[in-house]
Engineer: 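What follows is a structure written as structure tokens; I'll ask about it next.
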Amino acid sequence: MAYQFTFTQRFQKHYKALTAQEKKQLMRKLELLAENPMHPSLRTKRIQGTDDLYECSVNMSIRIVWYYEEDKMIILVDVGHHDILKQF
């Protein structure tokens, strides 16, 4: 069973700022995330100090911030360089 995605406006805005290469890497990671959010190459972890926010890696500097909505949906909150995590 694969997860469905919904994107926040913040995610969409920051997605547009990524390079073509970063977008390509992101799409590959989103495929993995849909199939298995705990896939080792995503290095998924809960964001410290939050109950339900998670982060995973696109590459060494790009992170995706997301949370689960019920059983089948992942809400993509933000994407960008590692310092986006400071907001949470």
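Note that these values count all heavy atoms, side chains included, but never hydrogens, waters or copies made by symmetry. Fair warning: this is a prediction, and the values are worked out from it, not measured in the lab.
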Engineer: Apply side chain to side chain contact (heavy atoms under 4.5 Å, CB included) to D71 and list each qualifying residue two or more places apart in sequence or on a separate chain.
Structural biologist: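 Counting only residues at least two positions away or on another chain, D71 forms no side chain to side chain contact (heavy atoms under 4.5 Å, CB included).
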Engineer: I'd like to check I64 versus L42 (side-chain heavy atoms, cut-off strictly below 4.5 Å). Are they in contact?
Structural biologist: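 SC-SC contact between I64 and L42 ruled out.
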Engineer: State the CD1-CZ distance between I47 and F88, to the nearest 0.5 angstrom.
Structural biologist: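 Here the interatomic distance stands at 6.0 Å.
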Engineer: Just so I know, are the side chains of L26 and I62 near enough to count as touching, which here means a heavy-atom distance under 4.5 Å?
Structural biologist: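 Side chain of L26 against side chain of I62, heavy atoms only: no contact under 4.5 Å found.
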Engineer: Out of curiosity, K16 NZ to L18 CG, how far, rounded to the nearest 0.5 Å?
Structural biologist: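 So the gap between those two atoms works out to 11.5 Å.
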Engineer: Could you tell me whether D51 atom CG has more than 12 heavy atoms of other residues or ligands within 6.0 Å of it?
Structural biologist: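 Count not over threshold, so no.
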Engineer: Listed by chain and number, what are the side chain to side chain contact (heavy atoms under 4.5 Å, CB included) partners of N36, not counting sequence neighbours?
Structural biologist: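 N36 satisfies side chain to side chain contact (heavy atoms under 4.5 Å, CB included) with M38, H39 only.
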Engineer: What pairs meet the salt bridge (Lys or Arg N to Asp or Glu O under 4.0 Å) rule with one or both residues in residues 29-42, with sequence neighbours excluded?
Structural biologist: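 Those involving residues 29-42 do not exist here.
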Engineer: How would you list, by chain and number, every residue that makes a side chain to side chain contact (heavy atoms under 4.5 Å, CB included) with Q4, sequence neighbours excluded?
Structural biologist: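 Testing Q4 for side chain to side chain contact (heavy atoms under 4.5 Å, CB included), a comparison that skips the adjacent residues, returns M73.
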Engineer: Can you tell me which residue pairs pass the ring pair (Phe, Tyr, Trp, His ring centres under 6.0 Å) test with a partner in residues 8-36, sequence neighbours excluded?
Structural biologist: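 Residue pairs with at least one partner in residues 8-36: F7-F11.
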Engineer: Go through the structure and list residues passing salt bridge (charged side-chain N to carboxylate O under 4.0 Å, His left out) with R10, not counting sequence neighbours.
Structural biologist: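 Partners of R10 under the salt bridge (charged side-chain N to carboxylate O under 4.0 Å, His left out) test: D78.
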Engineer: Suppose we screen for salt bridge (charged side-chain N to carboxylate O under 4.0 Å, His left out). Which residues come up paired with E22, at least two apart in sequence or across chains?
Structural biologist: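 None.
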Engineer: My understanding is that only residues two or more places apart in sequence, or in another chain, count here; which of them pass salt bridge (charged side-chain N to carboxylate O under 4.0 Å, His left out) with K23?
Structural biologist: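 Result, salt bridge (charged side-chain N to carboxylate O under 4.0 Å, His left out) vs K23: none returned.
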Engineer: Show the nearest heavy-atom pair for residues T44 and C56, with the distance to one decimal.
Structural biologist: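 Looking at all heavy atoms of both residues, the shortest contact is OG1-CB, 3.5 Å.
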Engineer: Could I get the full list of ring pair (Phe, Tyr, Trp, His ring centres under 6.0 Å) partners for Y54, not counting sequence neighbours?
Structural biologist: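 Ring pair (Phe, Tyr, Trp, His ring centres under 6.0 Å) check on Y54 returns W66, Y68.
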Engineer: Give every residue pair that meets the salt bridge (Lys or Arg N to Asp or Glu O under 4.0 Å) criterion with at least one member in residues 39-48, sequence neighbours excluded.
Structural biologist: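 Only K45-E55 qualify under salt bridge (Lys or Arg N to Asp or Glu O under 4.0 Å).
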Engineer: Identify the residue among I75, L76, V65 that makes a side chain to side chain contact (heavy atoms under 4.5 Å, CB included) with T8.
Structural biologist: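 That would be I75.
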